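What follows is a short report on a single structure.
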2 protein chains.
Amino acid sequence: MNIAEAAKHTGLSRKTIRYYEQQGVIPPAKRSANGYRLYDTAQLGCLLFIKRARELGFSLNDSQELLSISQDPGRTSASVKKKAELHLQKINHQIAQMQKMKEVLEDVVGECMGDEQTHCPILDKLNKG
Amino acid sequence: MNIAEAAKHTGLSRKTIRYYEQQGVIPPAKRSANGYRLYDTAQLGCLLFIKRARELGFSLNDSQELLSISQDPGRTSASVKKKAELHLQKINHQIAQMQKMKEVLEDVVGECMGDEQTHCPILDKLNKG
DNA sequence: TTTAAACGTTACAGCAGCGGTAAGGTCAAA
DNA sequence: TTTGACCTTACCGCTGCTGTAACGTTTAAA
């Protein structure tokens, strides 16, 4: 199948698929006589793997490494778990950070009248900490 | 004061301060005879404002607009509140997304033995959804 | 048969928000 | 006088794509 169909099957854009290939995230696609990229179910599997890893927030680099591990018959689940736990820590850290932002924002938004007056607790917060 | 001192006072790096100026986020600094940038308390105030806005997750563009609004005597708190609420929505959306990632990750990490065996629920998840 | 659309290709630019590095000028103290 | 700590501009790199240009191919309709 051509790239458009691969895109339809995976939900990735054609640009993204080409980008993944260019970055070496997935092996280079075979080409038909006219130079068009050709995809089979194995390639679709790679693409879907990367897509799911990305949806779980893994970096493209991590996603690629996970794909490599997945295709290695001599892998251990320990190596995967380690990566996932590290990633989970990052996610938790980011959530905590955004939660703090959220709380402050809700505070000041709650205090702000949002009317035609000049006084604004939100700006006060930004001006004085 | 020179840029290094301004950096020390604000907690921003010298690169960041120059970048903000170049992007028009803050007004261009005055220069001493030798071409060095000079900062006074007003400039420090701008820098701190931007820093705090960034810490609340506002984009650099939004931060700049908030600074403009803050410096406009004819502003209304409504205009600020609107921006803040919009931003809060984005934050909430992002938190929700990361929470979903977190839950899935905790699930599969919990199921993974993390030993020397090949079988791995994390990879299963990535391979089959 | 021609032509127009809908594909395909490569290559380069751009987005956010800086950090790193190079290549140079300036200034204060030892 | 020299050393080290400043300062300047300018450009590349990072992440993960998306958009655009400029071009070739295939397919379907007119």
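Every chain is numbered from 1, with letters handed out A, B, ... down the list of sequences. Please read these numbers as outputs of a predicted model, since none were measured by experiment.
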Smallest separation among heavy atoms of [X] and [Y], with atom names:
X      : Y      : answer
A/L126 : B/L56  : CD2-CD1, 4.1 Å
A/R52  : B/K128 : NH1-N, 3.7 Å
A/E116 : B/A78  : OE2-CB, 4.4 Å
A/P27  : A/Q43  : O-OE1, 3.9 Å

Does [X] place a side-chain N or O at less than 4.0 Å from the phosphate oxygens OP1/OP2 of [N]?
X     : N      : answer
A/N34 : D/dT26 : yes
A/T16 : D/dT18 : yes
A/S59 : D/dT15 : no

Tell me, which of residues 2-10 of chain A have any heavy atom that sits under 4.0 Å from an atom in DNA chain C?
->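 Within residues 2-10 of chain A, the residues near DNA chain C are A/N2, A/I3, A/A4.
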Is there a donor-acceptor contact under 3.5 Å linking the side chains of B/S77 and A/D115?
->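 Yes, A/D115 and B/S77 have a side-chain donor paired with an acceptor closer than 3.5 Å.
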Measure [atom1]/[X] against [atom2]/[N] and give the value in whole Å, please.
X     : N      : atom1 : atom2 : result
A/Q22 : D/dT15 : CD    : P     : 13 Å
B/I26 : C/dG17 : CD1   : C1'   : 14 Å
A/L60 : D/dT15 : CG    : P     : 9 Å
B/R37 : C/dG25 : CZ    : P     : 18 Å
A/K30 : C/dT9  : NZ    : P     : 16 Å
B/N61 : C/dC18 : CG    : P     : 13 Å
A/R14 : C/dA6  : CZ    : C1'   : 9 Å

Of B/K15 and B/Y19, whose nearest nucleotide on DNA chain C comes first from the 5' end?
->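 Nearest nucleotide further toward 5': that of B/Y19.
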With hydrophobic residues grouped by side-chain heavy-atom distances under 4.5 Å, do A/V109 and B/F49 end up in a single group?
->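 Looking at the clustering, B/F49 is in the same group as A/V109.
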Would you mind checking if B/E111 and B/K125 are paired as a salt bridge, meaning a charged N to carboxylate O distance below 4.0 Å?
->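 No salt bridge links B/K125 with B/E111.
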Degree of bending, the helix from C/dT1-D/dA30 to C/dA30-D/dT1 (end axes from five pairs; round to 10°) =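 The two end axes of the helix from C/dT1-D/dA30 to C/dA30-D/dT1 meet at 30°.
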With a 4.0 Å cut-off on heavy atoms, is B/R54 in touch with a base, just the backbone sugar-phosphate, or nothing at all?
->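 The residue B/R54 makes sugar-phosphate contact but no base contact.
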For residues 68-94 of chain B, pull every pair meeting ring-ring contact (aromatic ring centres under 6.0 Å, His included), keeping only residues two or more places apart or in separate chains.
->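 Sorted pair list: B/F58-B/H87.
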Is there a donor on the side chain of A/Y20 or the base of D/dG16 sitting less than 3.5 Å from an acceptor on the other?
->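 No, no donor-acceptor pair under 3.5 Å.
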Any chance you could lay out the side-chain contact (heavy atoms from CB on, under 4.5 Å) test for B/C46 and B/L67, step after step, and finish with the verdict?
-> CA-CA 7 Å; B/C46 288; B/L67 178 59; 4.2 Å; yes
